[in-house]
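So the structure is just underneath, and the comments pick up after that.
Numbered from 1 within each chain, the chains take letters A, B, ... in sequence-line order.
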2 protein chains.
Amino acid sequence: MAGRPKIYDETAILDKAVEVFWEKGYANATADDLLHAMGIGKGSFYFAFKGGKEELFRKSMERVVELNFKAIRDALTTCADPVQFIKDFFLSLTGNESPVGNKGCYFGNALIQVSADDAGLKMIAAKYLHLLEEIFTEAVQKGKDLGLLQTQEPAAALGTYLVNLWNGINVTRRMEPDQRKLADLVRMNLKILD
Amino acid sequence: MAGRPKIYDETAILDKAVEVFWEKGYANATADDLLHAMGIGKGSFYFAFKGGKEELFRKSMERVVELNFKAIRDALTTCADPVQFIKDFFLSLTGNESPVGNKGCYFGNALIQVSADDAGLKMIAAKYLHLLEEIFTEAVQKGKDLGLLQTQEPAAALGTYLVNLWNGINVTRRMEPDQRKLADLVRMNLKILD
DNA sequence: CCAATTTTGTACCAAATAGTACAGTTTATT
DNA sequence: AATAAACTGTACTATTTGGTACAAAATTGG
């Protein structure tokens with residue numbers, strides 16, 4: 001168990017890579033962009049990520065799930081009113097202070113940016129979006145169990161509805177700078193949770 | 001006004017370029033891909049499109065608007081029940097026979113695929129999505145005028161709702177192969193037009 | 001301190017990239 | 001047929017791409 005120690009923190013440089021991918025998109029992010037942002041040399045990079053750019057992106061997706069989705073899930077399991085939480089979450093997407101900024105959804109972006117022959121990455125992105133769908137579904141189910149929802153719709157259908165809303169907003173944000181219009185749009189969609 | 005005539009049809013090669021961009025994405029489509037599909041040489045290409053790939057993409061967007069959106073608008077102005085037309089349109093997106101296939105929306109894709117420093121292309125894509133929004137809004141307004149809609153929501157808000165649904169579906173399609181789930185999702189969304 | 005092990009930086013490379021230069025070809029007008 | 005205009009194909013280039021090779025460096029256990 002000897003050996004020269006890493007001089008960087010693996011999660012720290014992953015976070016840097018996430019930033020670059022999110023900002024520039026998978027296809028447009030060059031290895032140089034990434035290395036520069038991560039602040040490591042090619043040697044270290046190809047040593048740590050033998051699969052090159054693709055492996056880095058795969059790990060960066062894991063990291064984003066860990067940082068973002070898991071946080072949502074945790075918050076949902078502890079909060080008293082999951083329905084209100086969902087509503088607040090979506091409304092928060094329409095403001096400047098959005099956690100996502102204008103960069104969209106990491107996974108939705110991936111589905112659209114990754115070239116067709118990288119089917120593996122696409123499948124992973126799809127899988128994580130399904131995870132988000134599940135999280136929404138669980139929240140709705142919990143809301144139903146608590147008697148907070150009148151709707152006849154099954155929780156799973158509402159989960160699908162919400163992940164589709166998420167996908168939509170993350171594109172619509174980019175064409176619609178008017179935050180009031182976005183907020184109205186979200187509110188209109190959230191009526192389904194009354 | 002002399003000179004050798006073109007040996008190719010400008011719109012025909014544009015259509016080929018559209019195919020490539022739609023299939024591979026803007027960033028992933030190389031000049032070679034495009035030239036090969038268009039069946040012309042570099043000389044002809046850079047003569048016809050002095051702006052290179054970017055100009056080609058700009059013109060390809062115009063072409064897609066011309067071919068797709070204008071057709072929708074025309075169909076809407078002539079049809080008796082614009083509300084039903086909208087519903088059928090969205091439901092058609094969930095099937096195999098979708099006009100869009102799994103390639104998504106040309107302009108939504110562009111918003112997500114084009115690199116940040118190509119702000120010009122992004123603005124054009126956003127503009128065309130706003131055109132689609134307008135088309136939806138007009139259809140809804142017409143539906144209201146004809147007494148086909150009970151909703152209190154303003155037509156413009158519903159237009160925004162529908163373009164957001166469009167944006168969402170075009171991403172969600174890529175993560176959700178189950179067409180029945182997609183169809184249910186669309187039906188749930190279209191209840192707002194009852 | 002020596003050896004084993006792991007990490008790092010630099011130099012290098014082959015392929016692919018978008019784009020240019022330009023000579024030559026084809027046609028309409030005269 | 002001569003000429004001007006419009007078009008086309010080929011050869012070329014400079015840059016950037018992702019990726020490899022490998023020797024040197026840093027650390028720990030013996």
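Distance L35(B) CG to dA16(C) P: 16 Å, rounded to the nearest Å. Here the C1' atom of nucleotide dC7(D) and the CD1 atom of I13(B) are 12 Å apart, to the nearest Å. Going from atom CG of D32(B) over to atom P of dT17(D) covers 17 Å, rounded to whole Å. Distance F49(B) CZ to dT20(C) P: 15 Å, rounded to the nearest Å. Taking atom CG of residue N28(B) and atom C1' of nucleotide dA18(C), one finds them 15 Å apart after rounding to whole Å. In this structure, K42(B) atom NZ and dA16(C) atom P are separated by 13 Å, rounded to whole Å. dG9(C) atom P lies 14 Å from atom CZ of F45(A), rounded to whole Å. With rounding to whole Å, F47(A) atom CZ is found 17 Å from dC22(D) atom P.
Heavy atoms of K53(B) sit under 4.0 angstrom from primed sugar atoms or phosphate atoms, though from no base atom. Within the 4.0 angstrom heavy-atom criterion, only backbone atoms of the sugar-phosphate kind lie near G41(B); the bases stay farther away.
Residue T30(B) places none of its side-chain N or O atoms closer than 4.0 Å to OP1 or OP2 of dA16(C).
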### Derivation of the side chain to side chain contact (heavy atoms under 4.5 Å, CB included) call for L185(B) and I169(B)
CA-CA 9 Å; L185(B) 169 63; I169(B) 290 291; 3.8 Å; yes
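Taking the centre of each ring, Y128(B) and F69(B) stay at or above the 6.0 Å mark.
The backbone N or O of D33(A) sits nowhere less than 3.5 Å from a side-chain atom of K24(A) that would complete a donor-acceptor pair.
Residues L131(A) and L162(A) share a single hydrophobic cluster, defined by chaining ILVMFWY side chains whose heavy atoms lie under 4.5 Å apart.
In this structure, of dT8(D), dT20(C), dT8(C), it is dT8(C) that holds the atom nearest to the side chain of S44(A).
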